[in-house]
Amino acid sequence: MGCYLRAMQVPGVLSEHERMRREARRQLEAMGIDPYPPGDFEVTHHSADIISALTQDEHAFSGVRVSVAGRIMARRIMGGASFCTLQDAKGRIQIYLKRDDLSHDGDSSLYEVVWKKLLDLGDIIGVQGYVFRTRTGEISIHALSIRLLCKALRPLPVVKEKEGHVYDAVTDPEFRYRQRYVDLIINADSRRVFIQRAQIIQSIRSFLLQRGYLEVETPVLQPVYGGALARPFVTHHNALDMKLYLRIADELYLKRLIVGGLDGVFEFAKDFRNEGIDRYHNPEFTMLELYVAYKDYFWMMDLVEEMLEQVVRELHGTTCITVGGRQIDFRRPWPRISLLEAIAQHTGLQVATMSDAQLRQVAKERGVAVDPSAGRGKIIDELFSMFCEPHLIHPTFIVDYPVEMSPLARRHRHHPELVERFEVICNGKELCNAFSELNDPLDQRKRFEEQLELGRRGDPEAMQLDEDYLRALEYGMPPTAGVGIGIDRLVMLLTNAPSIQDVILFPHLRPERH
RNA sequence: GUCUCCGUAGCUCAGCUGGUAGAGCAGCUGACUCUUAAUCAGCGGGUCACAGGUUCGAAUCCUGUCGGGGACACCA
């Protein structure tokens, strides 16, 4: 690590490899070859398409000239003939090059000098030729011409592979995250994860669009942050000379749109929370929020179930996937169990009938760290996450939460101390959070005021009172169901990625130099 | 933020209880016109993360700093 940093810090200090490649570049230029030509090389085919087409029909390419472009990943030079592994966006294909085929009028310099001496692993070339099978049966392209499309000045880590076994794979997480561009070149699994991430998001988007919901964009820079309990990033607008916050959620804006009569809105929102970083948390992350008018949380449970089942099926072709060695089945219906029942099941405690003091006492006895300022809801939540969550592997709805934990949720229609809220727990982790939205402006004001009181008592995550949001509610918001799904967490689950850094292209890291 | 482990050539890693660095791949030179972790012969490449300290002598021991992983705490 240290050494490539050094090379980056001090441009004059180049490794032997880098000096070689710069010299090769110079020589190419001296030969009249542009090491960075314009993008006018016509690509007619991609590696994987050629291979699948020929596999289906052995004569698919008879009489066909193909042009492919990609990065040189391996070279095997045997005097007057060479093999090269070329990697493009869809995969890899072998190229066969012969001196005789690349020479014209007795000039073999393209093969002897350019190919053998001046091109390197990592360079990007275009190849024109015809498709054939080698004696051992590997589908290859017999090159009739090659062209340098981009000279690489840094050596690529060399990863070799035989019969599925990968040798010298680059596993250093710091290298992979800082230089994701290299990770993507050399780690097929990393490419796979990000392609699947895109598929998952696309799958959700089509599901929602198909139901007629409107995809919208709401402010990232907010004068009042809200919609979640979290610490925000603070920034400053110079021209307006005012404090702005990077959003921690887009909930309050989406619900304003419900007031506005849009009835069904969603947004894939980048949210920002000023908190610790670990394998489940990145300071900026993606959250899907969806709000639908004239619906409640029961309806939303059905929708979430259906949507996620379909997403998993579209991605994997089955509802049953393996995560960290465990089987998880997303097939509907998922169990629905109330928060208090779940606690009773896993701890034997009937917390509903306990006084605050009793609750505090049993929590202490069970080893739950209880902050003296923590309210009843917080203790219950803590009990749940300690004793229940880890046991919930298959997707499970946990429903009906204490009111003080959910200042934006509608009170339960039968139990005023609860709200109509559910979370989906899967693989021991929260996957989404949803509720029947609170649309009573007076109750909402009271809940905000309770949050303000928490804030005064020092809770840095307490909500701010959003006057404009209250004004919107006073105009009337229809009964509405809303849900938030942590997309990064969902992608981790569905791609079997152990760290959030593996599903975010450029995860946050400390600067390389201070 | 706390605890813990880690940082040696472009990459993957050796380097035992201190005697100032080694392998494979990659690179360079040469041979080889169906190879596929190509092969064969030869060669080069390192402020051992950084800064102090202990010592005759430090990649190795100690302290600190930087960066990373993991766990805990807060959260999604």
Side-chain angles (χ1 to χ4, degrees), chain A residues 1-7 10 13-21 23-24 73-85 92 94-102 111 117 120-122 132-138 140 142 152 154-163 165-178 182 186 228-231 248-249 271-288 369 371 378 381-382 385 423 429-433 459-461 484-490 492 498-501 509-514:
Chain A
M1 238 27 242
C3 280
Y4 91 80
L5 291 182
R6 211 170 302 126
V10 189
V13 180
L14 297 175
S15 69
E16 186 190 13
H17 293 96
E18 291 171 304
R19 284 195 302 271
M20 286 290 188
R21 284 168 182 250
E23 174 58 20
M73 299 305 287
R75 291 203 299 173
R76 295 173 290 281
I77 298 174
M78 298 151 299
S82 305
F83 288 94
C84 156
T85 305
R92 294 181 171 195
Q94 179 170 265
I95 311 293
Y96 178 55
L97 305 96
K98 262 195 333 187
R99 181 199 294 139
D100 302 345
D101 297 317
L102 297 177
Y111 181 85
K117 300 292 171 197
D120 290 291
L121 296 189
F132 77 112
R133 272 186 198 270
T134 62
R135 276 177 204 157
T136 52
E138 177 156 351
S140 309
H142 189 127
R154 279 177 189 264
L156 213 51
V158 177
V159 180
K160 295 207 174 187
E161 202 181 324
K162 189 190 188 182
E163 286 154 10
H165 191 287
V166 178
Y167 297 79
D168 297 342
V170 176
T171 51
D172 175 12
E174 183 175 5
F175 187 105
R176 294 186 45 228
Y177 304 148
R178 282 202 200 281
V182 178
I186 62 181
L229 303 168
R231 303 171 74 155
I248 57 173
D271 292 341
F272 306 83
R273 298 189 187 174
N274 208 338
E275 283 152 2
I277 300 173
D278 60 32
R279 53 189 284 238
Y280 297 102
H281 301 267
N282 194 60
E284 56 180 289
F285 62 101
T286 304
M287 174 101 93
L288 166 74
D371 192 280
K378 197 133 186 165
D381 193 61
E382 196 59 39
S385 51
E423 290 189 358
K429 291 276 161 197
E430 179 191 337
L431 202 56
C432 61
N433 183 19
D459 185 346
E461 291 168 1
I485 301 181
I487 294 297
D488 312 278
R489 298 266 179 93
L490 177 67
M492 283 172 70
S499 166
I500 200 166
Q501 298 174 110
L509 294 178
R510 288 190 161 87
E512 289 177 58
R513 283 291 151 126
H514 42 283

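The chains referred to below are lettered A, B, ... by the order of the sequence lines, with proteins before strands, and numbering in each begins at 1. Below, each value reflects all heavy atoms present in this structure, side chains not excepted, and no hydrogens, waters or symmetry copies.
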- Task: Could you give the distance separating B/U65 and B/C6 at their C1' atoms, to the nearest angstrom?
- Result: 16 Å

- Counting any heavy atom closer than 4.0 Å, what does A/Asp278 reach on the DNA or RNA strands: base, sugar-phosphate only, or nothing? base

- Task: To the nearest Å, give me how far apart NZ (A/Lys162) and P (B/U35) are.
- Result: 14 Å

- Query: Base, sugar-phosphate, or nothing: which does A/Glu430 touch, judged by heavy atoms less than 4.0 Å apart?
  - Reply: sugar-phosphate

- Just checking A/Phe272: base, sugar-phosphate only, or nothing, at a heavy-atom cut-off of under 4.0 Å? nothing

- Sort out the partner of B/G45 for me: Watson-Crick or G-U wobble, both distances under 3.5 Å, none otherwise. none

- Query: Across all strands, who's sitting opposite B/U17 as a Watson-Crick or G-U wobble pair, both distances under 3.5 Å?
  - Reply: none

- Task: Measure across A/Arg273 and A/Ala228 and return the closest heavy-atom pair with its distance rounded to 0.1 Å.
- Result: NH2-CB, 3.3 Å

- Message: What's A/Gln501 touching, base or sugar-phosphate or nothing? Going by heavy atoms closer than 4.0 Å.
- Response: sugar-phosphate

- Query: Counting only side-chain N and O atoms of A/Arg510, is one of them less than 4.0 Å from OP1 or OP2 of B/G68?
  - Reply: yes

- Which atoms form the tightest heavy-atom contact between A/Pro157 and A/Val170, and what is the distance? CB-CG2, 3.5 Å

- Starting at atom CD1 of A/Ile95, determine the distance to atom C1' of B/C34, rounded to an integer number of angstrom. 14 Å

- Query: How far, in whole Å, is B/G15 from B/G53 if one measures between their P atoms?
  - Reply: 29 Å

- Item | Whole-Å distance separating the OH atom of A/Tyr280 from the P atom of B/G69 | 15 Å

- Item | B/C25 and B/C61, which share atom name C1', separated by this distance in whole Å | 33 Å

- What nucleic acid atoms does A/Asp271 come within less than 4.0 Å of, heavy atoms only: base, sugar-phosphate, or nothing? nothing

- Identified pairing partner of B/C11, criterion: Watson-Crick or G-U wobble below 3.5 Å: B/G24

- Residues which pass ring pair (Phe, Tyr, Trp, His ring centres under 6.0 Å) with A/Phe83, listed by chain and number, not counting sequence neighbours: A/Tyr96

- Sorted by chain and residue number, the side-chain contact (heavy atoms from CB on, under 4.5 Å) partners of A/Ile77 (sequence neighbours excluded) come out as A/Arg75, A/Ser82, A/Tyr111, A/Trp115, A/Lys116

- Query: Tell me: CZ of A/Phe132 to P of B/U35, nearest whole Å?
  - Reply: 11 Å

- For B/C72, which nucleotide is its Watson-Crick or G-U wobble mate, given both distances must be under 3.5 Å? B/G1

- Item | A/Glu138/A/Arg133 ion pair, N-O < 4.0 Å | no

- Note on the structure: A/Arg154 CZ to B/G10 C1', in whole Å, measures 10 Å

- Task: With heavy atoms under 4.0 Å as the rule, sort A/Leu509 into base, sugar-phosphate or nothing.
- Result: sugar-phosphate

- Message: Just the rounded figure in Å: distance from P of B/G45 to CD of A/Glu23.
- Response: 18 Å

- Message: Less than 4.0 angstrom between a side-chain N/O of A/Arg279 and OP1 or OP2 of B/G69, yes or no?
- Response: no

- Spacing of the C1' atoms in B/A14 and B/U63 (rounded, Å): 28 Å

- Establish, with yes or no, whether the OP1 or OP2 oxygen of B/A38 is under 4.0 angstrom from a side-chain nitrogen or oxygen of A/Arg76. yes

- Taking atom P in both B/C5 and B/C74, compute the distance separating them and give it to the nearest angstrom. 24 Å

- Item | Value in whole Å for how far the P atom of B/C11 lies from CD of A/Glu174 | 12 Å

- Message: Taking the C1' atom in each of B/U60 and B/U54, what is the distance between them to the nearest angstrom?
- Response: 14 Å

- Message: Could you tell me the Watson-Crick or G-U partner of B/C61, where both distances fall under 3.5 Å? Say none if there is no partner.
- Response: B/G53

- Task: Would you mind telling me which residue lines up with the more 5' stretch of RNA chain B, A/Leu229 or A/Pro498, judged by nearest nucleotide?
- Result: A/Pro498

- Could one point to a donor on the side chain of A/Gln94 or the base of B/U35 with an acceptor on the other under 3.5 Å away? yes

- Message: Among residues at least two apart in sequence or on other chains, which ones pass side-chain contact (heavy atoms from CB on, under 4.5 Å) with A/Val158?
- Response: A/Leu121, A/Lys160

- Pick base, sugar-phosphate or nothing for A/Ala228, based on heavy-atom distances below 4.0 Å to the nucleic acid. nothing

- Query: What does B/U39 pair with, Watson-Crick or G-U, if both distances are under 3.5 Å?
  - Reply: B/A31

- Query: Which nucleotide sits closest to the side chain of A/Thr134: B/A37, B/G67, B/U35?
  - Reply: B/U35

- Partners of A/Arg19 by side chain to side chain donor-acceptor pair (under 3.5 Å), sequence neighbours excluded? none

- Take atom C1' in B/G18 and the same atom in B/A58, then report the distance between them in whole Å. 6 Å

- Item | Interatomic distance at C1', B/A38 relative to B/G22, whole Å | 25 Å

- Message: Whole angstroms only, please: what is the CG-P distance between A/Asp172 and B/G10?
- Response: 14 Å

- Start with the C-alpha gap between A/Ser140 and A/Ile95, add the side-chain angles, then the distance that decides, and say whether side chain to side chain contact (heavy atoms under 4.5 Å, CB included) holds. CA-CA 5 Å; A/Ser140 309; A/Ile95 311 293; over 6 Å; no

- Item | Sugar-phosphate, base or nothing in reach of A/Glu163, heavy atoms under 4.0 Å | nothing

- Message: List the residues meeting salt bridge (Lys or Arg N to Asp or Glu O under 4.0 Å) with A/Asp381, not counting sequence neighbours, and say none if there are none.
- Response: none

- Task: At under 4.0 Å between heavy atoms, which parts of nucleotides 23-33 of chain B does protein reach? Answer with one letter per nucleotide, 5' to 3': B base, S sugar-phosphate only, - none.
- Result: -BSBSSSS-BB

- Is there a donor-acceptor pair closer than 3.5 Å between any side-chain N or O of A/Arg21 and the backbone N or O of A/Ala152? yes

